Amino acid sequence: MSGELLLDAIFWLFAAGAVVTGYRVFRTDSMVRAAFYLLASFAAVGGILVLLGAEFVGMVLILMMAGEMLIMAIVMVMYMMNPAGLNPMWMVHQHRVAVAAGLLSFAVLAAPVLLVDFPDHPNPAPEKATAQLGEELLGDSMLVFQTAGVALLSTMIGAVVLASRRGRYGEAEEGSTEPSLEQDLEST
Amino acid sequence: MPDSEVMPMDMAAAVGDVVPEIVLVVGGVVVLLWALLAPRRWQSGAALLALVALALATLATLPMLPALGGRESLTFADTYARDGVAVWSKLIVLPATAAVIGLSVPWFRSDPRHGEYYTLILYGALGAILLAGATDLKEFVVAMILSSATGYVLTGYHRRSSSGSEAAIKYYLIGALTSAAMLIGVAYLFGLAGSTTLSGLRSGLPPTGGVGLAVGAALVILAVAFKIGAVPAHAWMPDVAQGAPAPVAAFVTSIPKVGGLIFLARFVLALPTDGLDWRLLVAVLSAATMTLGNLAALWQTDVRRLLGWSAVSQTGYGLMAIVALGLSGLAVPSLLFFLLAYVIGNVAAFGVVVELRGRTKLEDYLGLGRARPLLLGALLLAFLSFIGVPPRAGFVAKLLLFGAAIEADYIWLAVLAALNTVVSIVYYVRVLAPAYFDAPPKSIPVLGRWAAIATLAMAVALIVVGLWAEPFVRAFAESGLLP
Amino acid sequence: MLSAAVILPIVGAVLIFVLGRQLSWLATSERRLQRVATLAAAIPLVLLAFAWLAFEGTGGFEQVEALNWIPTLGVSYRVGIDGLSLPLASMTALIFVAATAYPVDLRGRGPSYFALMLFLEGASIGLFLALDLFLFFVFWDVSLVAMYFLIGAWGHGDARRSALKFFVYTFAGSLPLLLAILGIYLTTEPRTFDMAQIIEQQPLAGGGLYAVLVFIGFFIGFAIKTPMVPFHTWLPPAHVDAPGPVSAVLAGVLLKMGTYGFVRILMAMLPDTFAQFAFPLAVLAVIAIVYGALVALAQTNLKRLVAYTSINHMGYVILGLAVAGAAVPGQAAAQAIALTGATVEMVAHGLITGSLFLISGSLLARGSTYETDAYGGLLQRAPWLTSLTVLAAFASLGLPGLAGFVAEIQVFTGALAVYPWLAAVGLFGIIVTAALFLRMLGRVFLGGLPERWSEFRDLGRTEAFTLAALLALVVVIGVFPAWLLDVIDSFAGPFVGR
Amino acid sequence: MIVLILPLLPVAGAGVLLLLGDRPRLVGVAAVGTLLLTLAVAIAAATSEPSFGWAWSPGIQLRLELDGFGRTMSVLVPLIATPIVAYAAATEDDGRRRLLALLLAFVGAMLLLVSAADFLTLLIGWELVSFLSWTLIGHRWRDPDAVRSATQAFLTTRVGDIGLFIAAGMTFAATGSFAFAGLAGADPGAQAVIAAGVLLAAAAKSAQLPFSPWLFAAMAGPTPVSALLHSATLVAAGAYLLIRLGPDLGAVAWFLPAVATVGIATALAGAVVALVQTDAKRALAGSTSAQYGLMFIAVGAGSVAAAGAQLVAHAAFKSLLFLGAGMAIHATGSGWLGSLRLARAMPLVALLSAVGALALTAVPPLGAAWSKERILAATLQASPWLGGAVLIASLLTALYAARYQLLVFGPPDAGTRAAQPYRPGAAELASLAVLASVTLLLSAVWLPGGERFVASMTEGTLESGAAWEIAASVGLTAVAFGLVWQLFRSRRLLTFGLPDRLQAAAADWLGLPAMTHAIIVRPIESLAATLARLDDRVIDAGIRGVAWLARRVSALAAIHGEWTFDGIVRGITSLTLGTARASRTTDDLGVDAAVEAGARGVGLVGEASRRLQTGESHHYYVIIAVGLAVMLVVLIWIP
Amino acid sequence: MSLETILLVAAALFGIGVYGALSQQSFVMLMMGLELMINGGILALGAFWAYTAGGNPQGQMLAIVFMTVMAVEMALGFALITNVYRARRADITEKLRRLKG
């Protein structure tokens, strides 16, 4: 009984944390700070997932986001103006529309919660979750798993192609453009 | 087919169902290795390897044709289909990809570092193929992301092209938003049905799903709309067509549509029809897409951009087939035939742009008829096919699409499509008329043999498929659409 | 043989297009090129002459040549003739020979011009011979494209705009047609595009909303092509800006596609619905007759004038068709007469208006304007031109002894039996056409000869010969109509159930 | 077969003429020879009642037949034409070959018309006659007036053709064939329509009111053309038609009275015109209308035989008079009646013309008097009012005939310029002489048996009149002659001292041509011009409506545009505004067809819809959001 | 802790994400909005997996897939941002509007 209460309390903590930090992402003056708020939001969600019994997924989420936010912070420091929040940062457009869209999205997603009778079919064996995932991953979802692998490979290639400063043959940007409109000597 | 029946899965047998896909994966890796290891002057060899991979994949696909004894079934625990439609999607995508590679070779000649490009093209094609075969939301999501990821990179491949990078990031922004939204939609569907396979959705989705079902379905459809360039997520299409390297534009504006439209067909059929009029939704999207695409294309002065908008409008026509699914026997044949005709035509049209070294201003096409009659011929064939003038393939496609819409009692949609076709003539003719009627102001240099061959092959294919439509129509009509 | 009449011109087109540039023997001389093209254009005429000889007049389709095309959809390549298509196809072949032979400013693009002409010839003949809706539509659309390029590239004035208007407008007509074809196709069982089978099945017998929708689709398609008022506004600019021979083809052949479609498809496949709409159609036809004539009366531009008389003449055709398709008991003979008359009008209008457009081409070549007021007294310098124009003009206004009369009297006879009041109103058009042609003749050819035309050249040998050939046929039909009416009646009689 | 040769022979002759080349004498001889041959054939044919059928289409036969009055006509036409063509060959130098060929063809067409036994054949001949008359009247094509006159003549008679079209169509609808033979059996309703059509056609062709003025226009042709048109051909076709079909249509109650009424009106009006005209040929033209009016009266009174006889007599004397007038005009260069008086200049011609004038006046024992007397008898039989009208017409005829003869060929006085001495050629005189002798020979009908002969040739019956009727008409004639002589002496014969305006109006059919022009020609022309303008720039109500609506919408959108400045709203606003502008532009321009306006509207909307694609990604996001909202609405609320 | 509450939290996260994606000018900030949306998606998925799908392992797999999507999108997003910044010196959406119309 008290365990459940505790669980609830932790949940509410995570829930509130996820939403509040999520909100703070866009209410801070520093991009770096925003990144860490985002990380916090993800961590809270990861926590909820763990509470729900999906330990593996929750932890992966947290770890992945941590890495990602590091990259994000670096990118911001590298390229973006005003990375550390030296000046007040308020760079928004179409604010009113965005607020309306955000509220509307919430309403649309919340509506089913109130209106739809979701099936009541709770997880019978939460403790086996990770093992089941392993089976699923290498069993039924083999194709999905492999496809995801190819997607990640493509992403790596793509990220290198797009972002690397140096290529195999010197400057990566060298010659990386459309053909000239006039006849060049090679092509005949 | 309940999940339990195929469990436990015979992995070895299942691998046999995805030989073409495996060939593409391996081919991509081989190409990548070649690109990394081969000396600079042999970089183009990567193209050859990619072509070999495509040819092998095609060969591996042929035995799967139902007409050649191929078995139509779901595989990998219902996550993937090897039915007629999936096979034909491969047979459309693979040769078209080969043609795009033909276009790419001379285009990228000046870029020393383009071996990876062919890997990405192969994986892009793979993404479209997997999307077309996906019968499971997980597979759908990863296939989407594979297709999108390669698409973004390909679009921004020219590092020095400022419009290329702009197009890439716009493409990305729209794609990221729609797929982020799609994820929660997928989650809702999973929550309602308790399963991610389409067969599971079909049996598990409660008709009383109401708003939840609608939200889930709408978000998934929105993501597919992005993939195929339909309203409201169409905005990337013209930008990419204009900004991306022309061969990439040919690829990105056509190949993913094959996967997207076919998955959409599978997906909507898994939705319950009572309480959820997905037909009307798709019909509205179709109407909006074709109309907006045509109207916006009217006054374009940039041929590539015009082709992009035309690609938007073509998506609208293609969606008519989806509307008719389940109501008309012509729906599946019309969808496949549309894709066949559209992909060939689009590659041919962009091929002309490629062969003209990416010339894209309207006035650059002045007098093309006298300077480069064959190229104008190809462009003419492609455009007339888009309009739907016989005997090009596009005509049979339009015929089937209209027929399907009428049979499904969506006469208003057919009429609107007809009106749109009339409007579309104007912008196609705005390119063709000066090209045919005027005299060329100066010589028009071209890119080279590879691109010309690929372009003309596609153009000839338009006529051949248009005149010799029977085998295709028959095969399409006999193709199953699982689950 | 019929297939050869369709395919050989198209093959000829390809050959001319390629060899006309590559073969120096042809590339160096436009005259030689024109002669070769004319010979090629004449092949179908010869073939159709043989078909005419072998024609039996059984009332059904004869000399059918069929080939499976897309059997899955019930599409086949199927050509054949009956009393309706044979005269039209033959007329088409003749007009094309004349148009190909007629001198025109080629603008250094001879091979393209002749290739398009021959291609258009094949497509047009194919359309009239086609016995499969799919095939019919293929030729229908293809002819539009060829015509677009012909007008745009060799026209004058605002040719491109006119060509585009023509293309867009008529294409806007062809799409409802396509929808309607699909509409009727989807109701057949088993699914087929075969005209004979559809006519036999009568899938939409009994009418209903669906049949009405299909009817409307066909109607819009054919009405635009014909063109019927108020769908006619593409016609005058297209004619004015097109070169003479192309105008001749446009008026002589392409307009007939619309009226032919009315008979072959609408009346044959949707007789009940057609009967339901016969009266409004007749009203529209009479409006076209009167309106076309009146508007033509106010024109000072020769080509516009002829163009509007085309609208008027197509009104006669439609009136005849409406009468033939009306559901009135006991007037089968009159209805058959009207149908025969309408068919003759199609042929006659092709020959006569074709000649008139060729003549305006000659006039433009000499005087570089179509304005009738700019001319005068040309009879003095150009007796041949004048005589042939007078002949054509009177044929057009329906002088007996010429083909136009044969058609008009029959149409009106039928109409008087079925819709007497409408016919009486329509007769008013006869006066106005007479007035406008006489006025045109007076302005251009009679009266005093202005100084600037004192060096006006009469028709050249080719021109005179071509026109004389066309008009000779007009006279022959006018004087001995029986040979033509026999053939047409073999179709018209059974068609109205006489 | 012979009945086919009859019309073809002159046509063939015309063809031969064209081949002969520019040899005036030979051409003339050939033309006259052809006609003589035709005459011979006609006589042969007339005695044998031949017929000939000719398949037009599987269901329709063209029939040629010579029977009844047709036999007379078939002889009369070449008979009258021969001297006229001879005259033409002698006098017309300008385009002689063409003129003669056309005259021959014209005779052929008339013979076809005469021998027609069904409406279709009749219509063919009828229209061919019209067409050839157009070429004949417009013979002097360099003169724009001649061309205009030819057109007027053609068009007026074309109006009548509508009647024939209707009659033909109705006959077919009622009987299943075009043949005259079936007419009597047609149902009454159809018969009434046919009768109306026939009357219209006949009235127009025979220059009855209100179509009469075209005859003036027909004067623009050379004299022989006028002579031929007015006597045995073109104009005669109308009366011939009535003579031929009148009995068949007699069952229609109003038909004969209507014919008679038209006839009376024209006879009186034409006589007045002839009486006050100051142009020689026009005076004769007025008289032609009046004379055909008499024939109409005869038909209306039920006596086709009298009408036929009158037609024959009129053909002879009217051509004679016309040729005489032509010579007078030739001699003086003017047809103004005030300046002729050529008794001295050409006495022989004057004498021959006098024969014609007397015939016109119907002075016994000339044949014309006989027929006139029979008409009077028939009308008196039918109704005293009708008879009275005929008597008045006779009086007027006598007046204008005498006036004409005196003013043209009367003794010169001080007021007239001395005409140059003019020597008519032998051929001209011979032509006149032949026609005069025909006129004289027709006196033979007074002989016993004449009556039977006429009745048999017209297949009609004749009323014989009382003696007092002859006496009365002779008396009237004498009074008229006296009166004219008095006026001539007092030099008031030309205009009778009438005020100029009145005289001019009366001479020009009481202003009928001007009226026709004002109430028919002008409205049609302006209607045509209006329609043509309309056709060039149709703006239909629908487009206006759309424009109005779009303007309202755009006003609303503009307000919202101020309220929120967010880009996407701007985009949407601009789309709406673009639509509005599109509509407004078309509305304002208003120079093109509705279709064009629609096209331009689509184009402008296209321009506007491009503005949705602002190039800014966050706008695209909004589009997606809005689109998604719409999708949800469709999915959730519409079912 | 119940299905409803978790879904509401997920919806809130999603809504905030939408707001961010639509309102932020900077590409990086915009991407954070997208991430939040995905975050909401993952959370909702977790809730459904636990409460309505009977612990169907497909749900967990789906979560892995979602994370893959997130990883791919973020990686490519950064690469593209780098790319466009090099090519155009653009870091906010407003700087990229050459392609339009």
Side-chain angles (χ1 to χ4, degrees), chain A residues 7-8 11 15 18-19 22-23 25-26 31 34 38 41-42 45 48-49 52-54 57 60-61 64 68 71 75-76 79-81 91-95 97-99 101-103 105-106 109-110 113 118-119 121-125 129 132-133 136-137 141 144 148 151-152 155 158-159 162-163, chain E residues 1 3-20 22-26 28-29 32-33 35-36 39-40 42-43 46-55 57-58 60-61 63-65 67-68 70-72 74-76 78-83 85 91-94:
Chain A
L7 213 60
D8 260 2
F11 164 72
V19 175
Y23 176 72
V25 170
F26 304 109
M31 274 197 194
L38 185 63
S41 180
F42 268 92
V45 167
I48 298 177
L49 289 180
L52 287 170
V57 175
V60 167
L61 181 64
M64 203 181 87
E68 195 177 313
I71 299 172
V75 167
M76 284 181 291
Y79 296 115
M80 298 299 136
M81 59 176 81
M91 294 173 64
V92 296
H93 42 220
Q94 54 184 20
H95 192 244
V97 174
V99 170
L103 289 175
S105 310
F106 174 75
L109 288 173
V113 178
F118 283 100
H121 192 190
N123 190 353
Q132 281 175 345
L133 174 60
E136 175 75 23
L137 206 56
S141 288
V144 178
L152 287 169
T155 307
L162 289 176
Chain E
M1 190 166 78
L3 177 67
E4 284 72 24
T5 49
I6 302 178
L7 284 184
L8 283 177
V9 173
L13 287 172
F14 188 88
I16 295 169
V18 167
Y19 159 74
L22 263 67
S23 68
Q24 297 300 308
Q25 288 182 297
S26 153
V28 177
M29 293 302 293
M32 290 192 192
E35 302 240 339
L36 273 175
N39 201 10
I42 293 175
L43 183 56
F48 285 125
W49 170 75
Y51 289 107
T52 75
Q58 289 175 344
Q60 286 196 66
M61 186 63 210
I64 300 288
V65 166
M67 281 185 252
T68 313
M70 191 165 72
V72 169
M74 291 313 117
L76 284 178
F78 291 133
L80 286 164
I81 290 170
T82 309
N83 188 30
Y85 187 75
D91 56 351
I92 59 170
T93 61
E94 271 88 347

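The shown structure was predicted, so the numbers you read here are calculated from the model rather than taken from an experiment. Side chains are part of it too, since the values below use all heavy atoms of this structure and drop only hydrogens, waters and symmetry mates. Every chain is numbered from 1, with letters handed out A, B, ... down the list of sequences.
- Note: L52(A) leads L52(A), V99(A), I48(A), L152(A) in heavy-atom pairs under 4.5 Å with chain E.
- Residues that satisfy the side chain to side chain contact (heavy atoms under 4.5 Å, CB included) test with V19(A), not counting sequence neighbours, are V9(E), A12(E), I16(E).
- In this structure a side-chain-to-backbone donor-acceptor pair under 3.5 Å is present from D8(A) to M1(E).
- Of the atoms belonging to L61(A), heavy atoms from both backbone and side chain fall under 4.5 Å from chain E.
- Proximity to chain A involves both the backbone and the side chain of A71(E), based on heavy atoms less than 4.5 angstrom apart.
- Atom CE of M64(A) and atom CE of M70(E) lie 3.5 Å apart (nearest 0.5 Å).
- The contact between V65(E) and chain A is made entirely by side chain atoms (from C-beta outward), counting heavy-atom distances below 4.5 Å.
- Judged by distance alone, the side chain of S141(A) and the main-chain N or O of L137(A) form no donor-acceptor pair under 3.5 Å.
- Enclosure of atom CZ in F11(A) by more than 12 non-hydrogen atoms of other residues, nucleotides or ligands within 6.0 angstrom is indicated.
- Only the side chain of L3(E) comes within contact range of chain A, judged by heavy atoms closer than 4.5 Å.
- Your options are V144(A), I71(A), V113(A), and the one with the most heavy-atom pairs under 4.5 Å with chain E is V113(A).
- Qualifying side chain to side chain contact (heavy atoms under 4.5 Å, CB included) partners for A98(A), counting only residues two or more places apart in sequence or in other chains: Y19(E), L22(E), S23(E).
- Using a 4.5 Å cut-off between heavy atoms, L103(A) does not touch chain E at all.
- Interface residue I64(E): only side-chain heavy atoms are found under 4.5 Å from chain A.
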